[in-house]
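Since we're looking at a predicted model, the values are computed, not measured. Lettering of chains follows the sequences in order, A, B, ..., and the numbering in each one begins at 1.
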Amino acid sequence: MLQKPRGTRDFLPDEMESRRIIEWRMREIARRWGYREVCTPEFEDLELFTMRSGEGIIEEMYVFLDKGGRKLALRPEITAAVIRMYVNEAKVAPKPLRWCYFADCFRYERPQKGRYRQFWQFGVELIGSDTAHADAEIIMLAADMLNATGVVYDLKVGHLSFMKNLIKDLELPLQRRVMAHLDKKDFEGLKNTLESINMMDLGNSLISLVECRDLGEAFEIAGAIPEKERIHQTITALDSAGVSYSLNFGIARGLDYYTGMVFEGFAQNLGAENQILGGGAYRLAHLFGGDDAASCGFAIGFDRVMVSLGELQNKKDTIVAIVCTNEGRLHALNVAKIFRKAGLRVEMDLTDRGLGAQLSHASKTADFALVIGQRETESGNVTLKNLNSGEQGTLDPHSALREVASYGARG
RNA sequence: GCCAGGGUGGGGUAGUUGGUUAUCCUAGAGGACUGUGGAUCCUCCGACCCGGGUUCGAAUCUCGGCCCUGGCCCCA
């Protein structure tokens with residue numbers, strides 16, 4: 001049998017319903033904050049992604065040549081494409097721009113719990129606003145959105161300026177190494193790296209910074225930071241808004257283009273892949289030939305949220321099955337039309353079997369049966385049967401409709 | 001790329017000192033019941049992940065691959 005490609009998934013109707021429900025909760029929060037949806041191509045020039053993240057990521061992407069010999073890649077993330085789009089299409093639009101997206105991405109990685117080769121991200125980007133309150137809005141929106149899904153998570157907020165201030169005198173490659181150590185909480189590796197250049201004092205400061213959960217303390221450790229006032233404003237706004245988070249100045253988020261505030265969210269009941277959200281303030285537009293617009297945004301790992309939520313009990317539609325004889329079929333189609341126009345879910349029996357067999361099937365899949373044969377056709381009525389209670393009666397189609405409509409949704 | 005454990009009808013399973021037509025449950029189709037379902041009974045449909053090797057004979061032993069689950073690495 002032909003199998004689906006590794007790391008991809010099929011979604012049956014029950015699961016799709018759950019996914020759409022959660023998706024729409026996120027969409028609704030984005031809408032309330034003024035973020036409007038954008039859409040970019042599923043594939044882009046490979047260069048778009050290597051410019052943002054370096055040549056190393058080619059190994060982790062689906063890369064291919066098209067028939068014109070162009071080097072393309074399935075998008076491994078959306079932020080770069082959104083900023084490219086901003087530079088191409090919207091440079092002169094009034095700032096700030098509030099955009100969001102919900103789309104699938106592709107990464108060629110080894111699948112494991114919460115990690116797939118095709119996966120969906122819900123993200124937002126706030127472009128052209130470089131203030132404490134822009135940073136705060138993005139974090140508040142992230143929290144609002146995760147809360148709306150019902151997922152249980154920890155939110156960690158940090159700022160790169162603390163770490164950067166402490167290591168600003170190191171050579172650039174060394175800075176990168178130190179940041180990588182800190183991001184992974186690899187204190188042994190950090191000590192070894194700094195020992196080799198005789199800067200153990202710095203190591204101790206960095207470690208206490210990473211373990212520090214208090215803003216005042218962090219300022220003391222890191223020394224004079226130009227962004228101090230802005231950071232204060234952001235944090236004050238978060239506290240005032242009642243956002244639940246913890247400070248963590250060890251977040252490095254790997255890449256060079258993050259400029260200040262950074263934050264991550266972690267689900268509590270996932271395995272090794274428990275990060276469900278990541279974001280921060282960054283500058284990318286200049287890479288793609290635009291101005292040096294400041295941006296801020298985040299992406300939520302939609303599939304991980306779904307894994308964390310587990311199986312959901314969705315509200316079920318009331319289902320009306322039409323059970324009819326050959327003599328009743330044309331009348332039945334008219335009745336079905338009336339019910340559908342009223343918004344009800346109606347399923348015709350399409351087989352030629354007897355009423356007994358049709359009803360047997362209906363009892364497994366529906367809440368009501370409308371039995372329509374010669375007698376109903378001649379009188380213009382329908383026989384409505386409640387498949388849970390077994391009660392039935394003959395009445396005109398509109399009375400039957402009222403009866404079904406008042407039944408409401410099944411648990 | 002690496003490590004561990006797995007893969008038997010659509011779903012869930014039994015079956016290893018190698019040996020009849022591969023077990024059972026469930027789901028699906030039909031019937032007993034030609035205008036009334038769920039119970040019961042009967043019938044049918046349907047599987048050993050793929051390929052090589054050992055053997056008279058492989059679901060079972062062996063090798064390789066694919067895929068699944070979880071972990072390492074990576075994580076934009």
Side-chain angles (χ1 to χ4, degrees), chain A residues 1-10 12 14 44 48-61 73-83 105-117 119 121 123 180 183-184 186 251-258 262 264 266 270-280 282 284 287 297-299 301 304 307 321-328 332 349 351-378 382-394:
Chain A
M1 196 171 27
L2 206 55
Q3 289 170 323
K4 62 189 181 302
R6 178 158 210 206
T8 63
R9 289 156 297 158
D10 293 322
L12 288 165
D14 281 345
E44 298 259 6
L48 175 69
F49 304 113
T50 55
M51 279 172 93
R52 165 172 146 105
S53 310
E55 297 286 326
I57 62 161
I58 293 176
E59 290 300 306
E60 322 264 301
M61 282 196 290
L74 297 183
R75 59 185 173 202
E77 47 102 18
I78 317 266
T79 300
V82 169
I83 298 305
C105 308
F106 302 84
R107 294 184 190 175
Y108 195 86
E109 294 183 296
R110 182 77 190 242
Q112 51 188 279
K113 188 182 179 81
R115 175 192 274 183
Y116 310 98
R117 288 185 171 180
F119 60 97
Q121 286 192 336
D183 198 42
K184 282 184 227 166
D186 174 17
I251 301 172
R253 293 203 60 72
L255 296 175
D256 293 339
Y257 57 81
Y258 280 104
V262 287
E264 297 177 337
F266 299 87
L270 296 180
E273 301 292 325
N274 64 342
Q275 188 180 338
I276 55 170
L277 174 145
Y282 61 90
L284 269 182
L287 284 180
F298 65 83
R304 291 184 185 175
V307 172
I322 296 223
V323 166
C324 65
T325 63
N326 276 333
E327 300 78 45
D349 195 292
T351 67
D352 290 323
R353 9 175 220 202
L355 289 186
Q358 290 187 44
L359 221 34
S360 170
H361 178 259
S363 70
K364 290 170 202 153
T365 59
D367 302 290
F368 290 93
L370 284 170
V371 183
I372 298 172
Q374 184 147 23
R375 294 206 290 270
E376 287 80 4
T377 303
E378 283 165 3
V382 298
T383 297
L384 176 68
K385 186 179 185 81
N386 181 322
L387 291 168
N388 296 315
S389 66
E391 294 166 28
Q392 75 173 53
T394 298

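- G38(B) atom P lies 16 Å from atom CG of N386(A), rounded to whole Å.
- A pairwise comparison of heavy atoms in G7(A) and P111(A) identifies CA-CG, 3.9 Å as the closest pair.
- The line from CD1 of I78(A) to CD1 of I83(A) is 12.0 Å long, rounded to the nearest 0.5 Å.
- For the pair I276(A) CD1 and C75(B) C1', the computed distance is 16 Å after rounding to whole Å.
- One interatomic measurement links the two molecules: CG of D349(A) to P of G35(B), which rounds to 14 Å at whole-angstrom precision.
- Q374(A) and T325(A) form no side-chain donor-acceptor contact under 3.5 Å, judged by distance and modelled atom types alone.
- Comparing G71(B), G37(B), A76(B) by their nearest atom to the side chain of L359(A) picks out G37(B).
- Counting to the nearest Å, the P atom of U36(B) and the CD1 atom of I322(A) are 19 Å from each other.
- In this structure, Q275(A) reaches neither bases nor backbone, as no heavy-atom distance under 4.0 Å exists between it and the strands shown.
- Among the heavy atoms of the strands lying under 4.0 Å from G390(A) is at least one base atom, whether or not backbone atoms are also near.
- For the P atoms, the distance linking G51(B) with A58(B) amounts to 14 Å, nearest Å.
- The two residues L287(A) and R52(A) have their closest heavy-atom pair at CD1-CA, 4.3 Å.
- The side chain of R110(A) has C2(B) as its nearest neighbour among U36(B), A76(B), C2(B).
- Under the Watson-Crick and G-U wobble criteria, each requiring two contacts below 3.5 Å, nucleotide G5(B) is paired to C68(B).
- For C68(B) and A29(B), the P atoms lie 31 Å apart once the distance is rounded to whole Å.
- Rounding to whole angstrom units, CZ of residue R115(A) and P of C68(B) are separated by 14 Å.
- Residue G7(A) is in sugar-phosphate contact alone, with no base atom involved, counting any heavy-atom pair closer than 4.0 Å across all strands shown.
- Across the P atoms, A47(B) and G5(B) are found 31 Å apart, a figure rounded to whole Å.
- Here E77(A) contributes atom CD and Q121(A) contributes atom CD; the two are 7.0 Å apart, rounded to the nearest 0.5 Å.
- Judged by distance alone, with hydrogens and angles left aside, the side-chain atoms of E60(A) form no donor-acceptor pair with the main-chain N or O of E109(A) at under 3.5 Å.
- Atom-to-atom, CD of E109(A) to C1' of A76(B) comes out at 9 Å; the value is rounded to the nearest Å.
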**OP:** Using a 4.0 Å heavy-atom cut-off, write out nucleotides 29-34 of chain B from 5' to 3' as B (base contacted by protein), S (sugar-phosphate only) or - (no contact).
**Re:** SS----
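- Residues T50(A) and E55(A) come closest through the heavy atom pair CB-OE2, 4.0 Å.
- F106(A) does not carry R117(A) over the face of its six-membered ring by the limits of under 6.0 Å from the centre and within 45° of the normal.
- Contact record, I57(A) with F49(A): CD1-O, 3.4 Å, taken as the closest heavy-atom pair.
- With the nearest nucleotide of RNA chain B identified for both E273(A) and P5(A), P5(A) has the one nearer the 5' end.
- Taking atom C1' in both G71(B) and G65(B), one finds a spacing of 22 Å when rounded to whole Å.
- Atom CG in L370(A) sits about 17 Å away from atom P in G37(B), given to the nearest Å.
- Residues P76(A) and M61(A) approach most closely at CG-SD, 3.5 Å, considering heavy atoms.
- Protein atom CZ of F49(A) is 18 Å distant from nucleotide atom C1' of C74(B), rounded to whole Å.
- For the atom pair CG of L284(A) and CG of L48(A), the computed distance is 9.0 Å after rounding to the nearest 0.5 Å.
- Within 4.0 Å of E327(A), counting heavy atoms only, lies no atom of the nucleic acid at all.
- Summarising the base pairing, A58(B) is matched to no nucleotide, lacking a Watson-Crick or G-U wobble pair whose two defining distances lie under 3.5 Å.
- Among the heavy atoms of the strands, none lies under 4.0 Å from A362(A).
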**OP:** Would you please test F119(A) and R304(A) for side-chain contact (heavy atoms from CB on, under 4.5 Å) and show each step?
**Re:** CA-CA 9 Å; F119(A) 60 97; R304(A) 291 184 185 175; over 6 Å; no
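- Here G37(B) is the nucleotide among C3(B), U36(B), G37(B) with the atom lying nearest to any side-chain atom of S363(A).
- Each of P76(A) and G373(A) was matched to the nucleotide of RNA chain B holding its nearest heavy atom; the match closer to the 5' end belongs to G373(A).
- Out of A76(B), U36(B), C72(B), the shortest distance to the side chain of T383(A) is found at U36(B).
- A close approach under 4.0 Å does occur between a side-chain nitrogen or oxygen of Q112(A) and OP1 or OP2 of G71(B).
- Atom name P, nucleotides G57(B) and G18(B): the rounded distance is 15 Å, in whole Å.
- When distances run from any side-chain atom of Q392(A) to the nucleotides G71(B), A76(B), U36(B), the shortest one goes to U36(B).
- Nucleotides U23(B) and U69(B) are separated by 27 Å at their C1' atoms, to the nearest Å.
- If you take atom C1' in C24(B) and the same atom in U62(B), they sit 31 Å apart, rounded to whole Å.
- Residues E44(A) and A81(A) come closest through the heavy atom pair OE2-CB, 3.4 Å.
- Contact annotation: R6(A) reaches the phosphate of C68(B) (side-chain N/O to OP1 or OP2, under 4.0 Å).
- Residue K184(A) places none of its side-chain N or O atoms closer than 4.0 Å to OP1 or OP2 of C73(B).
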Output one line per pair: protein atom, nucleotide atom from nucleotides 45-48 of chain B, and distance, for all N/O pairs under 3.5 Å.
none

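- Figure legend. C44(B) is base-paired to G28(B); pairs are counted as Watson-Crick or G-U wobble with both atom distances under 3.5 Å.
- In this structure G37(B) sits in no base pair that meets the Watson-Crick or G-U test at under 3.5 Å.
- Residue-level contact check: Q358(A) touches neither bases nor backbone, having no heavy atom under 4.0 Å from any strand.
- A distance of about 15 Å separates the P atoms of C63(B) and C3(B), rounded to the whole Å.
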